[in-house]
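Heads up, the thing below is written out as structure tokens.
Sequence positions, counted from 1, serve as the residue numbers for this chain.
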Amino acid sequence: MLKVSNGSGKMLDIRSLNTNTLTNPFCQKMVKSKNKSIICTQCYSDAMLRGIRKNCATAWQQNSDILSGGLIPDHMLPTILDAFTRISGHGEVINMTMIENIHNIINHNPHCIFGWWTKRKDLIHQFYKTHDKPENLILIYSNPIIDRVMTTPPKFFDRTFNNVSKDSAIDQNCTGQKCIDCMLCYKPNNNVTTIIEAVK
């Protein structure tokens, strides 16, 4: 059974469907990059799963296995009662099977708005060659490069999420408040396509 996690800190009151960063080959390649301008080299998820969130690894590994291992039967898709849910608060797309399962979950819960952060635009593009994008999905491209703000989302994406250095003069619209009090990322049709946050 998939585990939908309760949020804490910035994510308080917004639940998320997470996977295990520590066993994701894409994540680990990015975390270990020698290019320090890549935000993943400062990955909060990797650090937390090796430290204060060690206890989450088992449940999130189960999510990784279920989402990437085969298509989930319709009768086993979770019903989510929240108005807003985050996909990949921790972890990243593993394979095309995971993308299809996530879309099936989104389509199974049309009353819920899903915000999905991913760097895997290659796999997203491949998926949408043969699938339609759900109306209740806000797809956010998580720009991997610090201080190189993307103002135009890639094809199929609604927004970009960008990190800038702490001392950057670039204006930021993600300033550390709780997401539930802001909702800039989660509300459809708000005409905001660029989210910018300082590296913590």
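Residues Cys179 and Met11 come closest through the heavy atom pair SG-SD, 3.8 Å. In terms of heavy-atom proximity, Ala57 sits nearest to Asn20 at O-ND2, 3.9 Å. Closest approach of Asn173 to Leu184, counting heavy atoms only: ND2-CD2, 3.6 Å. Across Phe114 and Cys112, no two heavy atoms sit closer than the pair CD1-O, 3.5 Å. Counting all heavy atoms, side chain and backbone alike, Leu137 lies closest to Tyr128 at CD2-OH, 3.4 Å. The shortest heavy-atom contact between Arg159 and Asn190 is NH2-OD1, 2.5 Å.
You'll find the side chain of Ile196 reaches within 4.5 Å of the side chain of Val149, heavy atoms only. Under the 4.5 Å side-chain criterion, counting only non-hydrogen atoms from C-beta, Lys3 is in contact with Ser5. Considering only heavy atoms from C-beta on, Trp117 comes within 4.5 Å of Cys185 through its side chain. Side-chain atoms of Leu67 and Ile102, non-hydrogen and from C-beta on, do get closer than 4.5 Å to each other. With contacts defined as side-chain heavy-atom distances shorter than 4.5 Å, the pair His90/Arg53 qualifies. Lys121 is not listed as a side-chain neighbour of Pro153, based on a closest heavy-atom distance of 4.5 Å or more. Taking the side chain as every heavy atom from C-beta outward, Met96 and Phe127 approach each other to under 4.5 Å. Annotation: side chain of Cys27 is not in contact with side chain of Asp46 (no heavy-atom distance under 4.5 Å).
Of the inter-residue distances, the one linking Ser142 atom OG with Met150 atom CE reads 10.5 Å to the nearest 0.5 angstrom. Met98 contributes atom CE, which lies 13.5 Å from atom CG of Leu71 (distance to the nearest 0.5 angstrom). In this structure, CG on Asn109 lies 8.0 Å from CG on Leu77, to the nearest 0.5 angstrom. Atom CD1 of Ile180 and atom CG of Leu12 lie 8.5 Å apart (nearest 0.5 Å). With rounding to the nearest 0.5 Å, the separation of OG1 in Thr23 from CD in Gln28 is 8.0 Å. Rounding to the nearest 0.5 angstrom, the gap separating the CD1 atom in Ile99 from the OG1 atom in Thr118 is 7.0 Å.
Both Ile14 and Phe161 belong to a common hydrophobic cluster when Ile, Leu, Val, Met, Phe, Trp and Tyr are linked at side-chain heavy-atom distances under 4.5 angstrom. In this structure, Tyr186 is not a member of the same hydrophobic cluster as Phe157, with clusters built from ILVMFWY side-chain heavy atoms closer than 4.5 Å. Under the 4.5 Å side-chain contact rule for hydrophobic residues, Met1 and Met76 do not share a cluster. Grouping the Ile, Leu, Val, Met, Phe, Trp and Tyr side chains by contacts below 4.5 angstrom, directly or via other members, places Leu2 with Val93. Ile52 and Tyr44 end up in the same hydrophobic cluster when Ile, Leu, Val, Met, Phe, Trp and Tyr side chains are linked at under 4.5 Å.
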Take Lys10 and Glu197 through the salt bridge (charged side-chain N to carboxylate O under 4.0 Å, His left out) test and state the conclusion after the steps.
-> CA-CA 13 Å; Lys10 178 180 170 182; Glu197 180 183 41; 2.9 Å; yes
Take Lys36 and Gln42, measure what side-chain contact (heavy atoms from CB on, under 4.5 Å) needs, and give me the verdict at the end.
-> CA-CA 8 Å; Lys36 297 307 175 186; Gln42 304 177 48; over 6 Å; no
Which is it for Asn6 and Asp13 under the side-chain contact (heavy atoms from CB on, under 4.5 Å) test, yes or no, and what are the steps along the way?
-> CA-CA 7 Å; Asn6 294 321; Asp13 297 325; over 6 Å; no
Carefully, step by step, assess Ser16 and Asn18 under the rule side chain to side chain donor-acceptor pair (under 3.5 Å).
-> CA-CA 6 Å; Ser16 56; Asn18 300 317; 3.1 Å; yes
Passes side-chain contact (heavy atoms from CB on, under 4.5 Å), Arg15 versus Phe84? Steps please.
-> CA-CA 8 Å; Arg15 299 200 305 153; Phe84 300 92; over 6 Å; no
Evaluate side-chain contact (heavy atoms from CB on, under 4.5 Å) for Ile106 paired with Asn136, printing each intermediate quantity in order.
-> CA-CA 7 Å; Ile106 291 169; Asn136 58 324; 3.3 Å; yes
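Formation of a donor-acceptor pair under 3.5 Å by the Asn24 side chain with backbone atoms of Gly91 is not found in this model. Although no hydrogens or angles enter the test, the distance criterion places no donor-acceptor pair under 3.5 Å between the side chain of Asn63 and the main chain of Leu17. Remark: the backbone N or O of Pro144 is not paired with any side-chain donor or acceptor of Asn163 at under 3.5 angstrom. No donor-acceptor distance shorter than 3.5 angstrom exists from the side chain of His108 to the backbone of Asp74, with no hydrogens or angles considered. Glu92 contributes no side-chain N or O that, together with a main-chain N or O of Phe26, makes up a donor-acceptor pair within less than 3.5 Å. With Asp147 contributing its side chain and Ser165 its backbone, the two residues share a donor-acceptor pair below 3.5 Å. Looking at Asp158, its side chain does come within 3.5 Å of a backbone N or O of Leu139 through a donor-acceptor pair.
A side-chain N or O of Asp65 and one of Gln61 form a donor-acceptor pair less than 3.5 Å apart. Inspection of the Ser37 and Asn35 side chains reveals an N or O donor paired with an N or O acceptor under 3.5 Å.
Within 6.0 Å of NZ on Lys29 lie no more than 12 heavy atoms contributed by other residues, nucleotides or ligands. More than 12 heavy atoms of other residues, nucleotides or ligands lie within 6.0 Å of CG in Asn55, so this atom counts as buried by the packing criterion. Under a cut-off of 6.0 angstrom, the local environment of CG in Asp122 is crowded, with over 12 non-hydrogen atoms contributed by other residues, nucleotides or ligands. Counting heavy-atom neighbours within 6.0 Å of Gln177 CD, excluding the residue itself, gives a total above 12.
The residue from Ser64, Ser88, Ser45 that alone fulfils the side-chain hydrogen bond (donor to acceptor under 3.5 Å, both in side chains) condition with Thr21 is Ser45.
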